[in-house]
Participant: 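Here's a structure for you.
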Amino acid sequence: MKPYLLDLNEIQRKAVTTTDGPVLVVAGPGSGKTRVLTYRIAHIIQKGTKPWEILALTFTNKAAREMKERIAKVVGDKANQVWAGTFHSIFARILRVEAEKLGYPSNFTIYDSDDSKSLIKNIIKEKNLNPEIYNVNAIRARISSAKSNIIPPKAYRENAELMEQDRFAKRPYTVDIYTAYMARCKKAGAMDFDDLLYQLYALLYKNPDNVLEKYQNRFKYLLVDEFQDTNHLQYQIVLKLTNFKNSMRNVCVVGDDAQSIYGFRGATIENILDFEKDFKQHNIQVFKLEQNYRSTEHIVKAANEVITFNKRQIKKEIWSNKGDGSKIKVIKAQTDNEEGKRIADTIVEQKNRHHLSNKEIAILYRTNAQSRVFEEYLRRYNILYKVYGGLSFYQRKEVKDLVAYFRLVVNPSDEEAFRRVVNYPKRGIGKASVEKLTAVAVQTDQSLWDSVEQVNLGARAKNSLLAFKQIIQSFQSKKDSLNAYELATIIAKKSKILDTLKADNTIEGMGRLENIVGLLDGIKEFVENDEVTEEENEDKSLATYLQNIALHTDLDEKKDIDDFVTLMSVHSAKGLEFKSVFVVGLEEKLFPSFMSLDTIEGIDEERRLFYVAITRAEQFLTLSYANSRYRYGQMRYNEPSRFLNEIDIRHIESNTAMRQSALNSTGISAMPSRSGVKGNFKRVTPNTTLMADPATFKPSPSSQIQAGMKVLHLKFGEGKVLSIDGSEKNKVATIFFNKIDNPQRRIMLKFAKLQILS
DNA sequence: GTTGGTATCTGTGGA
DNA sequence: AGATACCAAC
């Protein structure tokens with residue numbers, strides 16, 4: 001038997017070796033799901049399938065990367081050739097190749113939610129609709145859900161039920177906004193997040209030049225992770241690629257109905273039931289992974305109890321043989337502030353008593369806004385922490401501004417980028433001018449960019465506008481000869497963004513400048529990174545850089561070497577595990593969220609979210625709630641969460657919680673002062689550490705690098721060149737670096753920073 | 001067109 | 001409470 005198969009229990013092994021035909025794996029928390037997925041891929045490769053014939057879809061880049069790293073441990077660097085990535089990133093990659101078949105440019109922009117919102121807002125304004133009734137978020141959600149259910153504008157208009165809903169909501173023109181929105185995105189050469197899925201489906205459905213068959217033939221094996229979180233559209237794409245005449249139907253989906261937590265964005269557990277139905281006559285095999293290798297028994301049993309309160313579920317019993325372990329601790333606090341203090345105290349205590357390091361500890365909350373009190377106390381106690389989520393780096397205003405310049409250079413039709421920077425830094429092109437320009441663009445059915453020459457404006461505004469266009473053009477003329485970093489630096493300077501920020505001497509202004517410098521450093525790193533990751537011949541242009549960051553989130557950043565306590569929302573914690581987990585803010589109207597309270601389904605989803613939260617813990621689980629907390633700037637009083645009562649008392653540590661309650665209020669002494677600490681807080685951004693001293697490092701000419709040599713790499717340290725392959729002008733060296741995890745790496749010699757040692 | 005002040009809204013979740 | 005949006009005065 002292959003050695004990796006010995007790492008598996010009997011059911012896991014079956015799930016790995018049943019490679020042909022449709023397979024459904026129902027995987028409880030901590031049941032070795034990732035292991036099954038990765039070994040399955042490795043097994044398929046070992047049986048002779050080419051890695052690039054395997055498509056593995058995940059929800060986060062992090063999950064995809066982890067999967068590749070683990071496949072690499074079994075099959076080596078062939079792992080890089082597997083098509084493994086998020087739905088969004090893989091589909092974006094395919095769409096770049098096929099875009100023209102759909103009438104999109106291959107360098108299309110990806111609109112983030114802010115771009116979408118801004119565009120919808122403009123359309124509402126242009127149509128003279130009342131923005132108070134036509135709430136942007138409501139409209140956006142409506143459009144998103146239509147796309148996720150494969151209902152294009154035309155079908156929407158013909159759908160009596162949808163139209164009636166809109167009439168009832170007093171928003172009868174929603175469908176017109178939807179229609180205009182799609183047209184404007186296309187005009188701008190832009191796709192929003194939903195489009196990455198929707199347009200891919202459209203491509204396969206319309207099937208120009210037999211593109212459908214091309215991908216049906218290319219992917220011999222398809223795997224889907226977190227299947228319970230797919231929406232209708234994603235599932236239909238899976239069907240297109242696997243369920244056709246003469247298909248081998250080698251499709252494996254892995255999921256857990258109890259961990260479905262993205263219903264709000266259109267995910268539906270129906271997909272699991274449908275999958276069983278759709279592949280029934282093709283001999284579908286179902287495997288249930290029920291042994292939990294992560295948590296001790298009090299935790300696993302509590303989780304089982306909680307989830308039985310949900311109506312519908314696939315029957316399964318998760319069990320663990322790790323022993324009882326510690327009971328669950330419940331902390332009751334009077335205020336959100338006290339909650340912060342008590343949690344921080346408990347962390348200190350656990351660190352001392354159980355020798356936990358920071359990175360073995362996580363605080364999980366329902367909403368990102370809850371992080372603040374915990375940050376305050378952890379900082380006071382000098383405990384390092386890292387907040388995930390919230391405003392990400394790429395969502396900061398100054399970063400988005402500079403990125404908008406990049407977008408415009410790559411795709412001048414990009415309407416949202418144009419609006420964002422046409423008058424930033426200030427160059428005398430105000431609201432009125434932009435409105436006139438928009439009117440011309442709408443009338444002549446062309447982009448804002450193309451309308452610049454035709455619009456009628458006062459001489460001053462017109463000249464500024466022309467000068468703006470010209471400066472962008474000057475950047476464009478350089479985009480093929482300069483790499484991303486060189487061009488980005490020029491743009492930052494010539495656009496006057498750097499000057500503007502340097503002139504601002506406030507603390508915030510300096511922070512903004514720092515962020516821009518950070519962005520440029522990031523681009524530098526992107527350019528200098530010589531490691532082969534996905535596709536070969538990845539170029540270092542600004543366009544490629546943009547594609548890389550469009551689907552990036554904070555969570556995707558590589559694990560930091562430093563030792564931080566993790567603070568994140570329960571949603572982002574899915575798939576992670578920690579020795580000690582704190583689930584905080586367990587109050588009615590917060591967790592479960594007030595948004596969910598009107599429906600059974602809503603509460604059930606919150607309960608699954610709670611289930612996900614508590615099953616992150618390996619050994620220590622602490623739950624907390626506060627009687628009162630500030631929300632909307634006002635003190636609110638909430639009952640303890642119903643979920644607390646759904647755990648049997650015998651799993652809960654008895655000297656805490658409920659009975660202590662009344663006495664507690666006097667115990668609080670110092671309230672943290674809000675002043676003094678404020679501006680000091682800096683979000684920690686991970687930094688790659690160098691393994692070689694840059695002062696003495698002297699890169700050798702890459703032409704001299706040969707197999708068998710010992711070399712030094714700035715980031716990876718000493719290594720031995722195993723082999724060199726690739727085309728003449730794009731040589732790739734496989735090098736074994738003994739000082740790093742995952743030691744075997746593929747380095748592009750074209751960009752290599754290697755010093756020959758011997 | 002720009003500036004500075006006030007009004008308003010937000011604050012489930014994320015690719 | 002904090003950020004953003006909007007509006008009136010310059």
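Letters A, B, ... mirror the listed sequences (proteins, then strands); counts begin at 1.
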Participant: Using atom CZ of A:R636 as one end and atom C1' of C:dA1 as the other, report the distance to the nearest whole Å.
Facilitator: 13 Å
Participant: Could you tell me whether the phosphate oxygens of B:dG14, OP1 or OP2, come under 4.0 Å of any side-chain nitrogen or oxygen in A:S572?
Facilitator: yes
Participant: What is the separation between atom CZ on A:F59 and atom P on B:dA15, rounded to the nearest whole Å?
Facilitator: 11 Å
Participant: With the side chain of A:N137 defined as its heavy atoms from C-beta on, choose the nearest nucleotide among B:dG11, B:dG14, B:dG1.
Facilitator: B:dG11
Participant: Between A:S569 and B:dG14, is there a contact of a side-chain N or O with OP1 or OP2 at under 4.0 Å?
Facilitator: yes
Participant: For the pair A:E226 and A:K574, find out whether any cationic side-chain nitrogen is under 4.0 Å from an anionic carboxylate oxygen.
Facilitator: yes
Participant: Go through the N and O atoms of the side chain of A:S113 and the base of B:dA15, and report whether any donor-acceptor pair is under 3.5 Å.
Facilitator: yes
Participant: Categorize A:D112 for me: base, sugar-phosphate, or nothing, with a 4.0 angstrom heavy-atom threshold over every strand shown.
Facilitator: nothing
Participant: Within the 4.0 Å heavy-atom criterion, would you say A:F87 contacts the bases, only the backbone, or no part of the nucleic acid?
Facilitator: nothing
Participant: Could you tell me if the ring centre of A:Y201 sits under 6.0 Å from that of A:Y235?
Facilitator: no
Participant: With a 4.0 Å limit, can you tell me whether A:N135 has a side-chain N or O closer than that to the phosphate oxygens OP1/OP2 of B:dC9?
Facilitator: no
Participant: Quick one: on DNA chain B, does A:D194 or A:M595 contact a more 5' nucleotide (nearest heavy atom)?
Facilitator: A:M595
Participant: Between B:dG13, B:dA15, B:dG1, which nucleotide gets closest to the side-chain atoms of A:H571?
Facilitator: B:dG13
Participant: Would you list the pairs meeting side chain to side chain donor-acceptor pair (under 3.5 Å) in which at least one residue belongs to residues 417-426 of chain A, sequence neighbours left out?
Facilitator: A:D401-A:R420, A:E415-A:R419, A:R419-A:T438
Participant: Round to a whole Å and report the spacing from CG of A:L551 to C1' of B:dA15.
Facilitator: 7 Å
Participant: Contact class for A:F594 vs. all strands (heavy atom < 4.0 Å): base, sugar-phosphate, or nothing?
Facilitator: sugar-phosphate
Participant: Rounded off to whole Å, could you give me the CG-to-C1' distance for the A:L196 and B:dA15 pair?
Facilitator: 8 Å
Participant: Evaluate salt bridge (Lys or Arg N to Asp or Glu O under 4.0 Å) for A:E339 paired with A:R629, printing each intermediate quantity in order.
Facilitator: CA-CA 10 Å; A:E339 185 187 35; A:R629 71 174 62 237; 3.1 Å; yes
Participant: A:S593 or A:A461: which one's nearest nucleotide on DNA chain B is closer to the 5' end?
Facilitator: A:A461
Participant: Mind checking if A:A550 touches a base, just sugar-phosphate, or nothing, with heavy atoms under 4.0 Å?
Facilitator: nothing
Participant: Please state how far atom CG in A:D336 lies from atom C1' in B:dG11, giving the value in whole angstrom units.
Facilitator: 14 Å
Participant: For A:R140, which contact category applies under a 4.0 Å heavy-atom criterion: base, sugar-phosphate, or nothing?
Facilitator: base
Participant: Which of these nucleotides, B:dG1, B:dA15, B:dG14, is closest to any side-chain atom of A:S433?
Facilitator: B:dG1
Participant: For nucleotides 2-8 of chain B, give me every protein contact, N/O to N/O, under 3.5 Å, one pair per line with atom names.
Facilitator:
{"from": "B:dT2", "atom 1": "OP1", "to": "A:G428", "atom 2": "N", "distance (Å)": "2.9"}
{"from": "B:dT2", "atom 1": "OP2", "to": "A:N423", "atom 2": "ND2", "distance (Å)": "3.2"}

Participant: Would you indicate whether A:K589, at its atom NZ, is surrounded by more than 12 heavy atoms from other residues, nucleotides or ligands within a distance under 6.0 Å?
Facilitator: no
Participant: How many Å lie between OH on A:Y365 and P on B:dG13, as a whole number?
Facilitator: 10 Å
Participant: Just how far, in rounded Å, is P of B:dA15 from CG of A:N231?
Facilitator: 14 Å
Participant: How would you list, by chain and number, every residue that makes a side-chain hydrogen bond (donor to acceptor under 3.5 Å, both in side chains) with A:Q236, sequence neighbours excluded?
Facilitator: none
Participant: Under 4.0 angstrom, heavy atoms only, what part of the nucleic acid is A:R460 near: base, sugar-phosphate, or nothing?
Facilitator: nothing
Participant: Considering residues, nucleotides and ligands other than A:N456, do more than 12 of their heavy atoms fall under 6.0 Å from its CG?
Facilitator: no
Participant: Would you indicate whether the side-chain heavy atoms of A:S113 and A:F193 approach each other to under 4.5 Å?
Facilitator: yes
Participant: Measure NZ/A:K574 against P/B:dG14 and give the value in whole Å, please.
Facilitator: 11 Å
Participant: Indicate whether A:F264 forms a stack on B:dG13; treat it as stacked only if centroid distance is below 5.5 angstrom and interplanar angle below 30 degrees.
Facilitator: yes
Participant: Reckon A:K397 has a side-chain N or O less than 4.0 Å from the OP1 or OP2 of C:dA3?
Facilitator: no
Participant: For A:M635, is the CE atom crowded, meaning more than 12 foreign heavy atoms sit under 6.0 Å from it?
Facilitator: yes
Participant: When you get a sec, tell me which of B:dG13, B:dG14, B:dA15 is the closest nucleotide to the side chain of A:R265?
Facilitator: B:dG14
